[in-house]
Amino acid sequence: MKLKIDPIKCIQCCACEMACGYRWDRALSPVTSSMMVYRTREKKNYFGLILKQDENLLLARPEGIEIQRIGVVEEGVEADASAKPIMLREACDLCDGLETLLCVSYCPTGALQIGE
Amino acid sequence: MGNLINENILIIDLSKNETSEEYLEEEFIKEHIGGAATNIALYHQYEDDDPIIIGTGILTGTLAPGGSLAVITAKSPRTGEICHAPVNLCIGAELKYSGYDYVVIKGVAEKPVYLWIHDAIADINDAEHLWEKNAWETTDTLRNDLGEALIQNLTIGEMGEKESDLAQVISNYWSSGDRWGFGALFGKKKLKSIAIRGMGLFDMEDEKGFLNLCLELLNESKNSQMAGKQGIIDIGNELDADLKEWLDPVLHRNSACFNMPYPGNTFLKNGEDPKILKETDVEEPGVLVTDIFEILGFKELGLTSKDTVQVLMECLKTGIDPVAAAQICINKEMKSVNEIIASLGNFKGPVNTTGKTAFSPCCPEKSVFNKFDNENDTQDWWVRRQKIAYVFGIHQTYSIMSPFLSEEKLLELVNIGTGLDISQEDVETVIAKL
Amino acid sequence: MKTAKSKINTSCKEITEINTLLVNQIPVSVDSANLFRNIPSFDVSPDKSSIPLRTPEIAVYAGSGVSHSWLWFVEILDRMEFSNVTFLDENDVSSGKLKNIDSLLVSGGETFAIANGLGIKGKKEIIDLLNRGGLYFGACAGACMMLKSTSSDLGLLDLVPARIANIVDELPVPVKPSKKYSSPYGCAWVFHPVRGEVLLKLNSKNGNKNFRSISAPLFGGPPMEVDESTYSVAKYNAFTNSTDYLSTPAVAEEVLLGKTAILMKKYDKGTIVLSGPHLEHPDYPDANKMIAELIFQHIPDKPKVSNCHSEKADHFNSGLLKSLKREISNIRIVSFSLERTPVDWKIGRKYYEPEKIGVYVKTIWDRLNDLEKKLRSAKDNLYNIKDLEKSIVHAEFATKQIRELKNKVNNKEPSDDLAAMLFYNLRKLSICFYNFYFKNKQSNLTDIQKKIALSRKTVWHHQT
Ligand code: SF4
Ligand code: SF4
C-alpha cells in the first residue's frame, strides 16, 4: 500500500493534517502530523503538501513531486556518523496497519489516494 | 470536561494594559453552547467597556466538516446594533488551538498596540511601528517579526485607523465577513492587530464516535450536489451571476477554509499569468476572494476582472469593506481605476450593504447546490441556518450548502465530542435569544 | 492548555516505584541479586541479600561538545522519578560541582570536543569522583572519551584499556556513500557499518545460563575489545529489522558481532561503565533500566542525607514561570516554522538541522505545563529560583536570536554563526531550567499511599 498525492487537487483544507495528528496523538492536534500542508506563501496562493517519510521528505508541490533525503546536508553528503535522530515529528507509517489511511479518508477532494 | 473546548476566556483590558483569564463553567456552556450566543452573553457582561468579543464554536477547529468559523461580535458603527461577523480561513482554528475559546477586548489603549496570542499566553505589545502601515504590510511585518508565516492575523488598515465606519477587519490579507465597520472599533481602541498562533491539542469524549460521524458527514458532502463544484464561479452560478468568462483572464486556484470540504475561496491574479502553478518572484500577484459579493459590485460597475483585482487589492490593503466601496463607486458612477484607488481612503458612507439581520450578508441568502426541506420561507430559514452555524462554529456558507449537516447531527457531534448533554430544547433556547 | 503527547513510552515501573518511595523518605532496601542481576556488583557483597538505598545524587554532563542526546537522560531520569539530578557544563565540572555526586552520566557528541572542553581540571574532577567510589557512565562519545587512544595527544581520559574495534587505516567500501559511514579519528578512521537498533547479549553472572538480551540504538558508538582487567557486560549479538546497514551485512557482522558493546572497569573505589549504544535512548526502557540499576549500585552503603532540603528555599512567584513559558512558546513557534525550511548549519564539525532546536524546546515545553500545575498547588518553598531566573534571561535572548535566524534563513543570508550562538544559548537555558525542574520535582505521595507503602515490606523485589 502506498500514499498517492495529487497536489493539484489539494484545496489546503488541512483535514489530512488533523487526521494524521489524530493518528499519532489520539487527539485533535495540528502540529504532530507526518503530513504538513505547505501554506506559507499565502499572498502568492502557492500551496502543496510535505510528507515526512522514514528517510525522505516528499514535497508535493503544484508543479510536481520531489523527494528530498532527510539528513543529506549537501548533494550526496549525509550528516556524520554520530548524528542522532530527531524524533519530533513521526514519519508516515501508513497508519500502521489500519485498513484505511486516515488522511485519505478525511481528504475531501481525492488529492490523497491509496495506491499500490 | 475540556474535550473540544479550552474552557478558557481571555479578557484583554486595553485601558489598563492588562490581561486575565476566566474559567468557562460547564453551566455557562450548557446555557449558551458557544460561538455567537456566548459572544452575546459576554458582550452584555462587559457592555460598559464597549467590548469586542471574538469567539469560537464547539466544533471550530475540529474535524467536523466546515468547522472553520470564529465570530466577532460587537456594536456595529454602521447600524448601531450588536452584530456578528464571520471570520474563517484558519483564524478560528488557530484561536482555538492557541488556548482560548473566547477573547473579550475592552477599553481603549493609550497608544497603538497589537495582541499576540499563543500557547495560552496573551501579550499586549506596542504597535507604534505598525500604525500607518497598510493591512498587508502589517501582516507581513508581524509574521516576519514573530518568525512564523502561519501566524493568523486580524488587522486593520488606514480606514480602521481613521475610525471610518466603512473599515473592515481584514483576515490576514483578505476580506472577512465584516460588513459592520468593526475595523473602526479596532481603530478606536488603538488596536492594530490580533496575531494568533495555535499549537494546542483537544481530546474528544468519544473519539471514535466523533470521528466516525465527521467522516459520515464528509462522505455525504462528497456524494451531494456539491461534488465537483469549486470556488466562487460555481457559487455565482447558483446566484445567477455568470462569472466564468469574466474571471477567466485572472482565474488561478481555488482553496478552502480550515476543514471545509468546499473550496469556496478563489484566487485571482493580475500580476502574472494566472495559469502558472509554480512559485515565482512576484510577491503580490493577486487577491483571494473569500466573499463572492466582493467582486459582484465591481463587475456591476463595469470593471474588467483585471481592474477588479487591482481595486480589490487596494481595498484590502486600505482596510475598507470592498462591498461598501463598490457600492459607493456605483453611486458615484466612478469607473476609473486610478480615480477609485486614489479616493478609497476618503470614501464615506452611508451605504446600505448591511442586510437586515445581525448576521453578515456575505453569505448568500438562499441554499446553494443542495436543497433544504424547510427553505420555503427563505428569510426565516436563512436566519436560523446562520444562527446554527454561528453557534456551533460551522462556516456560514458551507452551512447553506449542506442539508446533511442538520441541527440534530451537529448537536450529536457536540455531545459525543464533549460529553456534555445538550438537548434540542437547549438549542431552541439559545437560538431564541440570538 | 494541553499539548501534543506523542511518544509516551512505558516507563521502568520498578525504578519509578523505588524513587517515589525514596523521595518520600520511606526506607527502601533492595534485593541486590534481583536488582543487579545483569551487572556484576563491586560494591555490594554477594552474600548480602538486601541493601538499603538512598536518593542518588546524579550529574548529567551538558557542557561543550555534547549533542542533543543528553536530553535523553533528562527524559528517562524524569520518567523514572529520579529527583536529585544536576546538569553541569564544563565550567561546573572543573569548579568542583562533582563533589557531592554519586554518578556522572555523559552522552554523545564530539569526543574530542567534550574532552577538550573538560580540560585537565575537569578530567581531574572526574578521576576524583571515581576515587571517591562514584560511577562514570558514558555512551557513544561519552564512552570513547575514556578509552585508551592509539595516539597519546588526543587529550582523552585514557582510563580504560579497551581497543576501539572499528578503527581502520583504510575504509571498506560502503553500501551507500554517506558521511554517517566514517569519521576521522586521529590519523586513522572510525567507520560505522550500521546505525540504529542492535541487539546486545548480556553476560550472565555466576555462570547463569539464562542469557538476557536487550536492544538499544547505535549512532556512531564503538564496538570494543577488552582485556582481563575489564568486564564485558554485553556484546553485540545481532541486528534487527530497524538496523540501517551502511556497509554490507557481512562486514557489519565481522566488525560488530561478538565485540563488547558495554564494558565495566573498576577504577580505584569507583566504576567506569562505557556503552557503544545509547542505553539512555527513551525508546528503550530495558536499556534505560540498566542505567538506573548502575546508579543504584553506586550509592555507598551508608545512607547519606540528601542536601536538597538543607538548602534555602525561596518564595515562588508564579509570574516567573509564566515569563519562561512566554519565551519558550515564542521559540517553539519559530522552531516549528524552521522545521519546514530546508536549511542546516555547520557548527564545529557537525551539521545541525532546525529540528534540533525543536528537541530542546519540546523537552522543556512538555515539562513546563506539568510544572505549572504542580507549582500552582505548591505552597511557597521552592529551590534554585536563581536557575529559573537565569533560564528566563537565556530564553529571552534565544527568542531574539531565533527570530533573527529565521529572517536570515528567509533572506538566504549566512547564518551558521548565529545558529551556533543560539544552540549555545539553548543548551545554557536547558541546563538552568532542568536544574530548577529536578530540584523542585517531588513525587508527593498522599497519606494513604504512604501508609500502604509503609505497611509493605521495606525490602523491595523485582517482579521477574
Ligand atoms: S497514511 Fe497515516 S501516518 Fe501516513 S500521513 Fe496519512 S494519516 Fe499520517
Ligand atoms: S485533506 Fe486533501 S485537500 Fe485537504 S489539505 Fe489535505 S490533501 Fe489537500
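None of the values given here were measured: they were computed from a predicted structure.
A distance-only check finds no donor-acceptor pair linking the side chain of Tyr106(A) to the backbone of Cys214(B) [under 3.5 Å]. Put simply, the side chain of Arg253(B) never gets that close to the backbone of Pro62(A): no donor and acceptor are under 3.5 Å apart.
A distance of 11.0 Å separates OG1 in Thr280(B) from CZ in Arg41(A), rounded to the nearest 0.5 Å. Separating the CD atom in Glu279(B) from the CG atom in Asn45(A) is a distance of 11.5 Å, to the nearest 0.5 Å. With rounding to the nearest 0.5 Å, the separation of CG in Leu211(B) from CG in Leu102(A) is 8.0 Å.
The minimum heavy-atom distance between Pro30(A) and Gly200(B), with the atom names listed, is CD-O, 3.3 Å. Residue Asn259(B) comes nearest to Ala15(A) through the heavy atom pair OD1-CB, 3.4 Å, listed as atom of the first residue, atom of the second, then distance.
Heavy atoms closer than 4.5 Å to chain A are found in both the backbone and the side chain of Lys278(B). The part of Met204(B) that comes within reach of chain A is its side chain, from C-beta onward, which places non-hydrogen atoms under 4.5 angstrom from that chain. If you measure heavy-atom distances from Cys107(A) to chain B, the contacts under 4.5 Å come from the backbone alone. Contacts of Val282(B) with chain A are made by backbone atoms alone, with heavy-atom separations under 4.5 Å and no side-chain atom involved. Heavy-atom distances place both the backbone and the side chain of Phe47(A) under 4.5 Å from chain B.
At a threshold of 4.5 Å between non-hydrogen side-chain atoms, the residues Ser105(A) and Leu215(B) count as touching. For the pair Ser255(B) and Gln12(A), the minimum side-chain heavy-atom distance is below 4.5 Å. You'll find the side chain of Thr40(A) reaches within 4.5 Å of the side chain of Leu150(B), heavy atoms only. Contact of the Phe258(B) side chain with the Glu17(A) side chain is not registered, since no non-hydrogen atoms from C-beta on lie closer than 4.5 Å. Between Asn254(B) and Ile11(A), every side-chain heavy-atom pair lies at or beyond the 4.5 Å cut-off. Counting heavy atoms from C-beta outward, Arg39(A) and Cys90(B) have side chains that approach closer than 4.5 Å. Side-chain contact between Ile8(A) and Leu277(B) is present, with at least one heavy-atom pair separated by less than 4.5 Å.
Here Pro263(B) is the residue among Gly271(B), Pro263(B), Pro65(B) with the most heavy-atom pairs under 4.5 Å with chain A. Of all the listed residues (Leu63(B), Val287(B), Thr62(B), Asn219(B)), the one sharing the greatest number of non-hydrogen pairs under 4.5 Å with chain A is Leu63(B). Interface summary for chain A: among Ile276(B), Leu89(B), Asn172(B), Thr139(B), the most heavy-atom pairs under 4.5 angstrom belong to Asn172(B).
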Worksheet item: Run the salt bridge (charged side-chain N to carboxylate O under 4.0 Å, His left out) check on Glu42(A) and Arg143(B) step by step: do they pass?
Response: CA-CA 12 Å; Glu42(A) 184 173 343; Arg143(B) 286 179 170 179; 2.8 Å; yes
Practice prompt. I would like to know whether Leu28(A) and Leu201(B) meet side-chain contact (heavy atoms from CB on, under 4.5 Å); could you show each step before the answer?
Written response: CA-CA 6 Å; Leu28(A) 297 172; Leu201(B) 170 146; over 6 Å; no
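A salt bridge does not link Lys44(A) with Glu272(B): every distance from a Lys NZ or Arg NE/NH1/NH2 to an Asp or Glu carboxylate oxygen is 4.0 Å or more. At a threshold of 4.0 Å, the pair Asp140(B)-Lys43(A) counts as salt-bridged, since one of the basic side-chain nitrogens sits closer than that to a carboxylate oxygen.
More than 12 heavy atoms of other residues, nucleotides or ligands sit less than 6.0 Å from atom NZ of Lys222(B).
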